[in-house]
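Inspection log for the structure reproduced underneath, given as structure tokens.
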Amino acid sequence: MMAFRSLKTIRALFRATQTQEPAYLLGSSRRYTTGISNVAELNNRNVYSSVFHGALPWTSRNAMTLRSSMVVELPMLLNEKRLLSTKVKAPAQARKMGGLTVSMTSPGFIYEPYAPREKVPFFRRWFTRSGWRKTKEEIILELKSAYAIHKLRKSGYSKNLFYKEAVTVYKEINNLLATGDKNTLRKAVTEKMYSELKNEIKQRESIWSKVYWEMVEPIVKIRTLRARVIGVDPKDLEKVFIQITLEFLSKQKFEAYDSEGSVISGDKSKEVLVRDIWVFEKSLFHPKSFWRLCGRITL
């Protein structure tokens, strides 16, 4: 009897070792129920300087942390397309409300916010394990961006047309922030971003009565820093959101006035070089969807 029990125990242990999930390049395929928390803390910098980095002159000085309470799942199987994307589970109210199905309009967070690459010396990169590991991570990040662009191209994406649209949206949002037009601003940004910008407008209006803003055209530089795919349905890989992180380098003019019309900040006769990093988002499964601002990154 004891021998029989021992045999059953050995078999059970053997089966357990055979059914464990293997770890791949990016980790295991377990579900993380904690969501994304403290993904990227965005700290705005000085109000007016020779170069602005990722913050408008009238934006809030408080630290902003991007959070999400949604469930995030990262399937890491190398033989699946899901390796290069993440899946989010829509909130209950976005999935079903009584007998009415409600469509998810935005994930509500920035997936893998952009950060500059760490400079690794040549010897360390190619002759140490830590260097190999770092190189592998960077290759995977680039593959994720390539996969996202590939998904976009299947839907008719053109980089030149997208850049023109992005610059137009960039100018429009900045002008709306300067004039305080919240109603029009709501259509150009996601729900979470609108809440943040509305608070910034309120704070700015308590300090400055009026703001002049102008971008000197053409834009100095625009480039893609990162692209990501966010899936919302594990059974349908075509139901995805695309997020593209762009860097804008432009010359701008800024001037702020008090209630009497006196200049209290800036000088619209001077051009200031401004660097902004914005994240644009678009659904590939909503009819007539368009690019909207979903976040800003300050380095």
Side-chain angles (χ1 to χ4, degrees), residues 21 24 26-40 65-114 140-141 143-157 162 166 169 186-196 224 226-246 278-297:
E21 293 183 355
Y24 295 92
L26 295 178
S28 70
S29 60
R30 298 190 182 103
R31 287 187 178 182
Y32 295 86
T33 57
T34 54
I36 297 294
S37 180
N38 295 329
V39 173
T65 305
L66 300 174
R67 297 178 183 271
S68 172
S69 59
M70 288 179 283
V71 176
V72 178
E73 182 181 301
L74 296 177
M76 304 306 173
L77 300 177
L78 292 176
N79 59 344
E80 294 187 11
K81 292 182 180 179
R82 297 188 184 114
L83 168 66
L84 303 176
S85 65
T86 189
K87 293 185 289 183
V88 297
K89 190 175 181 180
Q93 67 271 21
R95 283 176 276 138
K96 204 88 171 178
M97 287 176 53
L100 177 65
T101 301
V102 181
S103 179
M104 184 180 182
T105 59
S106 174
F109 67 98
I110 299 177
Y111 174 47
E112 293 188 345
Y114 169 80
I140 291 172
L141 290 177
L143 287 174
K144 287 184 177 182
S145 290
Y147 177 65
I149 298 299
H150 171 71
K151 294 285 287 186
L152 271 176
R153 283 176 177 161
K154 290 172 65 177
S155 63
Y157 166 82
F162 169 63
V169 175
R186 183 191 291 270
K187 302 174 184 178
V189 301
T190 62
E191 292 76 9
K192 187 176 186 299
M193 196 69 219
Y194 174 72
S195 178
E196 294 166 1
T224 301
R226 178 162 292 182
R228 289 293 180 268
V229 176
I230 303 176
V232 296
D233 188 349
K235 297 180 181 179
D236 189 351
L237 296 180
E238 299 305 316
K239 287 187 176 181
V240 298
F241 287 91
I242 302 291
Q243 290 183 349
I244 296 186
T245 303
L246 294 181
W278 285 18
V279 183
F280 291 86
E281 180 181 284
K282 182 180 181 181
S283 164
L284 293 190
F285 61 97
H286 286 105
K288 299 181 181 179
S289 62
F290 52 89
W291 291 101
R292 298 189 296 171
L293 175 67
C294 70
R296 297 169 299 177
I297 296 176

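Throughout, numbering of the chain's residues begins at 1 and tracks the sequence. Values below: every heavy atom of this structure, side chains too, minus hydrogens, waters and symmetry copies.
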Which value, rounded to the nearest 0.5 Å, describes the distance between Arg228 atom CZ and Leu141 atom CG? 5.5 Å

Contact between Leu246 and Tyr114 at the side-chain level, heavy atoms closer than 4.5 Å - yes or no? no

Give a yes or no on whether the backbone of Leu152 and the side-chain of Ser155 come within a donor-acceptor separation of less than 3.5 Å. yes

For a 4.5 angstrom cut-off between non-hydrogen side-chain atoms, does Tyr111 reach Val229? no

Please round to the nearest 0.5 Å and tell me the distance separating atom CD1 of Ile110 and atom OG1 of Thr190. 8.5 Å

Do you know the tightest heavy-atom contact between Val189 and Arg292? O-NH1, 3.4 Å

When rounded to the nearest 0.5 angstrom, what distance separates SG in Cys294 from CD1 in Ile244? 10.5 Å

Do Ile297 and Val279 have side-chain heavy atoms sitting under 4.5 Å apart? yes

Measure the CZ-OH distance between Arg186 and Tyr194 for me, rounded to the nearest 0.5 Å. 4.0 Å

Where the side chain of Gln243 meets the backbone of Phe109, is there a donor-acceptor pair that is under 3.5 Å apart? yes

How many angstroms lie between CD1 in Ile230 and CD in Glu112, if you round to the nearest 0.5 Å? 9.5 Å

Student check: side-chain heavy atoms of Phe280 and Val169 closer than 4.5 Å: yes

Is there side-chain contact between Thr224 and Thr245, with heavy atoms separated by less than 4.5 Å? no

Any side-chain donor-acceptor pair under 3.5 Å between His286 and Ser289? no

I'd like to know if the side chain of Arg226 and the backbone of Pro113 have a donor-acceptor N/O pair within less than 3.5 Å. yes

Is the shortest side-chain heavy-atom distance between Val240 and Phe285 below 4.5 Å? no

Do the non-hydrogen side-chain atoms of Lys154 and Glu238 ever get within less than 4.5 Å of each other? yes

Distance only, no hydrogens: is a donor on one side chain within 3.5 Å (strictly under) of an acceptor on the other, for Ser106 and Glu191? no

OH of Tyr157 to CZ of Phe162, rounded to nearest 0.5 Å, is 5.5 Å

After noting the C-alpha distance and the side-chain angles of Ile242 and Glu281, does the key distance pass the side chain to side chain contact (heavy atoms under 4.5 Å, CB included) rule? CA-CA 6 Å; Ile242 302 291; Glu281 180 181 284; over 6 Å; no

Start with the C-alpha gap between Phe241 and Leu284, add the side-chain angles, then the distance that decides, and say whether side chain to side chain contact (heavy atoms under 4.5 Å, CB included) holds. CA-CA 6 Å; Phe241 287 91; Leu284 293 190; over 6 Å; no

